[in-house]
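This structure is a prediction, so every number in the text was calculated from the model and none was measured. Throughout, a chain's letter reflects where its sequence line sits, starting with A, and its residues are numbered from 1.
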Protein chains: 4
Amino acid sequence: MEYHKHQAIYLQIAEFVANNILAGNWPKGEKIASVREMASTMQVNPNTIMRTYTHLSDAGILFNKRGIGFFVAEDAPKKILKMQKDKFIQETLPVVFEKMELLGIRFEDLKEIYQKGLK
Amino acid sequence: MEYHKHQAIYLQIAEFVANNILAGNWPKGEKIASVREMASTMQVNPNTIMRTYTHLSDAGILFNKRGIGFFVAEDAPKKILKMQKDKFIQETLPVVFEKMELLGIRFEDLKEIYQKGLK
Amino acid sequence: MEYHKHQAIYLQIAEFVANNILAGNWPKGEKIASVREMASTMQVNPNTIMRTYTHLSDAGILFNKRGIGFFVAEDAPKKILKMQKDKFIQETLPVVFEKMELLGIRFEDLKEIYQKGLK
Amino acid sequence: MEYHKHQAIYLQIAEFVANNILAGNWPKGEKIASVREMASTMQVNPNTIMRTYTHLSDAGILFNKRGIGFFVAEDAPKKILKMQKDKFIQETLPVVFEKMELLGIRFEDLKEIYQKGLK
DNA sequence: GTGGTCTAGACCACC
DNA sequence: GTGGTCTAGACCACA
């Protein structure tokens with residue numbers, strides 16, 4: 001896997017994990033790769049994977065059983081969607097709106113463009 | 001200059017030229033580097049620069065006098081903005097709208113988010 | 001097909017394509033010959049045909065689906081007429097007006113000649 | 001000299017002769033090349049040159065002295081201009097007007113285009 | 001010298 | 001298979 005420099009690697013791996021869950025590759029309730037194993041697969045430091053798993057656990061997408069490992073939470077897909085939605089609203093949209101301002105596109109123009117796109 | 005592979009080189013150079021004009025480095029009416037000269041500077045084939053210049057001429061950003069060279073058009077900055085606006089509407093917005101659909105964000109939700117961003 | 005040297009080959013082929021569309025040989029919405037196929041038929045380099053097709057697409061006479069081919073646009077005949085009209089105004093008329101100047105024919109004389117021609 | 005097939009060769013040579021007179025290469029009153037000499041130079045049959053000279057004599061551009069040769073008439077340039085003017089009005093303009101009709105350009109549009117061209 | 005066109009051949013992404 | 005881009009090298013008209 002290639003990493004780009006515009007985002008922390010642990011977040012890029014978090015997206016990778018999330019996408020696998022969404023795709024159904026890793027069913028809910030199932031144990032996922034251990035920190036050391038995943039670190040080896042992804043060719044990064046185990047600490048980085050730990051941050052990824054902790055991050056996903058905080059979001060309720062994973063949960064862990066001490067001494068055993070990390071597991072896919074029951075409603076993981078739903079949580080992932082919410083996570084992506086939040087990220088989209090907090091990171092992507094502001095950039096889009098800023099560029100609109102720069103190019104002189106008013107919000108009112110958006111609706112027209114949006115409806116054209118649906119045709 | 002580095003080129004990324006996700007966009008044609010001639011378009012990347014076109015953006016480079018446009019940015020220089022917007023920045024005021026190349027005043028309107030002024031002759032810009034000849035095709036061969038620019039090709040040497042940018043380390044690409046003259047045909048590629050020819051394509052860049054023709055592209056910008058079609059957009060009204062440059063004009064040329066045969067046997068003399070290419071020049072920055074009078075209202076180049078205005079045309080560049082229009083070009084960027086068109087590109088944003090035709091390339092960026094569709095992707096944004098598609099992702100909105102995927103994440104279950106309705107167009108009506110946008111207005112609220114937009115107004116929050118202005119505070 | 002014979003090519004004359006006073007005009008770029010890709011433009012002569014563009015006219016050929018336009019005439020076929022106007023004549024109804026290539027109905028709107030229909031796929032036309034692929035770049036390589038046409039190149040073989042016309043005995044020119046594929047790049048030259050690519051230029052022809054791109055030129056006609058820029059003018060809205062053709063459109064293309066990536067990986068599939070080029071197609072005749074819905075309102076192609078209308079666009080072709082506009083294209084020919086523009087060419088006539090930008091290329092033919094200036095030459096006519098220049099020759100008028102050379103021969104000492106004033107614009108006012110034209111009207112009389114024009115009306116005689118209608119009889 | 002190259003001949004194109006869209007016009008009789010004797011007329012093409014007539015234009016050639018006329019242009020030389022207008023350019024001042026062949027001063028008025030001067031004897032021009034004999035029929036045989038010109039035929040050799042132009043690589044055509046003497047009969048063709050004879051038609052050319054007769055045509056120009058009819059128009060008052062040349063005159064001949066029997067047994068001596070053909071000479072440039074006193075007011076040849078003026079006659080040539082009139083000849084070209086007549087040809088322009090009777091041959092060129094009708095074609096232009098016909099094409100205008102075909103392209104949907106009204107005579108009223110001409111004035112605007114004409115004045116733009118003068119800028 | 002300038003732009004403009006054309007060829008031959010290559011490689012890529014997408015379908 | 002399709003279009004799309006790029007290179008290398010050539011030749012042309014025009015100024």
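At most 12 non-hydrogen atoms from other residues, nucleotides or ligands lie less than 6.0 angstrom from NZ of Lys99(D). Around CD of Glu98(B), the count of heavy atoms belonging to other residues, nucleotides or ligands within 6.0 Å does not exceed 12. Atom NZ of Lys79(D) sits in a crowded spot, with more than 12 heavy atoms from other residues, nucleotides or ligands closer than 6.0 Å.
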With sugar-phosphate taken as primed atoms, P, OP1 and OP2 and all else as base, the protein-contact string of nucleotides 1-9 of chain F at under 4.0 Å (heavy atoms; B, S, -) is BBBSBBBBB
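For the pair Tyr3(C) OH and dC12(F) C1', the computed distance is 18 Å after rounding to whole Å.
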Report, one line per pair, each donor and acceptor closer than 3.5 Å where one atom sits in a side chain of residues 47-57 of chain C; sequence neighbours left out.
residue: Thr52(C); atom: OG1; partner: Tyr10(C); partner atom: O; Å: 2.9
residue: Thr52(C); atom: OG1; partner: Thr48(C); partner atom: O; Å: 3.2
residue: Tyr53(C); atom: OH; partner: Ala33(C); partner atom: O; Å: 2.8
residue: Thr54(C); atom: OG1; partner: Met50(C); partner atom: O; Å: 2.7
residue: Ser57(C); atom: OG; partner: Tyr53(C); partner atom: O; Å: 2.8

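Residue Gln12(C) comes nearest to Glu2(C) through the heavy atom pair OE1-O, 4.1 Å, listed as atom of the first residue, atom of the second, then distance.
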Please test Gln84(C) against Glu15(C) for side-chain contact (heavy atoms from CB on, under 4.5 Å), starting from the C-alpha separation and ending with a verdict.
-> CA-CA 9 Å; Gln84(C) 291 180 344; Glu15(C) 282 194 14; over 6 Å; no
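Applying the side chain to side chain contact (heavy atoms under 4.5 Å, CB included) test between Phe70(B) and each of Val35(B), Val17(B), Ile61(B) identifies Val35(B) as the sole match.
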Secondary structure of DNA chain E per the Watson-Crick/G-U criterion (both distances under 3.5 Å; [ ] crossing, | other strand, . unpaired) is ||||||||||||||.
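Phe71(C) carries Lys65(C) over the face of its six-membered ring, with the cationic atom under 6.0 Å from the centre and within 45° of the normal.
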